[in-house]
**Student:** 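Input: one structure, supplied below.
In each ligand, atom 1 is the first atom listed, and ligand 1 is the first ligand listed.
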Amino acid sequence: MLFDVHSHLDLPQFDPDREKVIERAYEAGVFIVNSGLGPESIERTLRLSRGYDNVFATLGLSPQEFDQGVIDKTIELIRKHRKEIIGIGEVGLDYYWVKDDVMRKKEHKNLGLFRELSIELNLPLVIHSRDAEEDIIQILQDDEIGALLHCFSGSVGQAKNASSFGCLISVPTSVVYSKKKQRMVKELPLECIVLETDAPYLSPQPRTRNEPVNILSSRDMIAKIKGVDECIVEEVTTENAKQFFNLKGNLT
Ligand SMILES: [Zn+2]
């Protein structure tokens with residue numbers, strides 16, 4: 001059993017064959033966490049998690065969304081569907097697309113709303129951070145919140161620091177070719193790593209559509225880097241994901 005802790009199968013890239021993609025994952029023993037972003041994607045994500053036993057939902061919003069109506073609606077939907085979801089996210093900070101200081105302050109404010117919501121609803125946070133790792137880690141550390149850092153692209157030192165107060169570092173399928181990701185995996189204990197595809201993005205074969213079953217290539221690459229059997233990587237990363245999302249009882 002493997003866990004793809006972060007994907008976007010509700011996107012139109014999967015319209016032609018979504019069912020087959022999910023079936024392929026199911027047959028390979030891959031559980032999928034789909035991340036719904038904003039009201040429409042949230043509805044599509046909930047339909048997927050209701051329709052397939054191996055699909056779970058986390059609900060969030062892009063940090064580049066500043067429309068107050070959309071933010072309010074997203075929070076309302078998360079509250080309404082609390083019982084159907086396993087986490088809040090992705091939410092976070094994006095300094096790559098948002099350069100303006102005033103807008104970055106708004107990103108911080110919006111992230112604060114979702115942090116409060118995660119505490120209120122007792123749901124774990126899945127964090128998106130692009131070029132904002134230092135600020136994100138500082139915020140989480142101040143609150144002592146152990147979040148899942150989706151597609152973490154900071155330094156090894158930052159990853160170690162974040163894992164010291166309970167964060168999980170999510171390694172994308174690009175670890176198959178990315179030397180930076182491979183170095184990160186080498187330095188971190190398996191106990192703080194989870195696997196994700198971020199499908200349809202970050203494919204192990206650049207310029208192709210990614211899908212959850214490709215998490216098997218990550219598992220094999222990480223086993224090679226660590227010099228352990230594939231089944232060890234599978235067991236430990238799955239256990240990490242199950243603990244983080246409180247899925248102990250749900251999957252027997
Ligand atoms: Zn994502």
**Student:** Within C151, is some N, O or S atom less than 2.8 Å away from the Zn ion (ligand 1)?
**Tutor:** no
**Student:** Less than 3.5 Å apart, any donor N or O on the side chain of T197 or D4 sitting next to an acceptor on the other?
**Tutor:** yes
**Student:** Of the backbone and side-chain N, O or S atoms of H8, does one lie nearer to the Zn ion (ligand 1) than 2.8 Å?
**Tutor:** yes
**Student:** Using a strict cut-off of less than 4.0 Å between a Lys/Arg side-chain nitrogen and an Asp/Glu carboxylate oxygen, indicate whether R104 and E107 qualify as a salt bridge.
**Tutor:** no
**Student:** Using 30° and 60° as the class limits, which term best fits the ring planes of H150 and H128: parallel, tilted or perpendicular?
**Tutor:** tilted
**Student:** Take the Zn ion (ligand 1) as the vertex and measure to OE2 of E90 and NE2 of H6; round to 10°.
**Tutor:** 80°
**Student:** Between N34 (side chain) and L9 (backbone), is there a donor-acceptor pair under 3.5 Å?
**Tutor:** yes
**Student:** When you measure from the Zn ion (ligand 1) to each N, O or S atom of D198, which atom gives the shortest distance?
**Tutor:** OD1
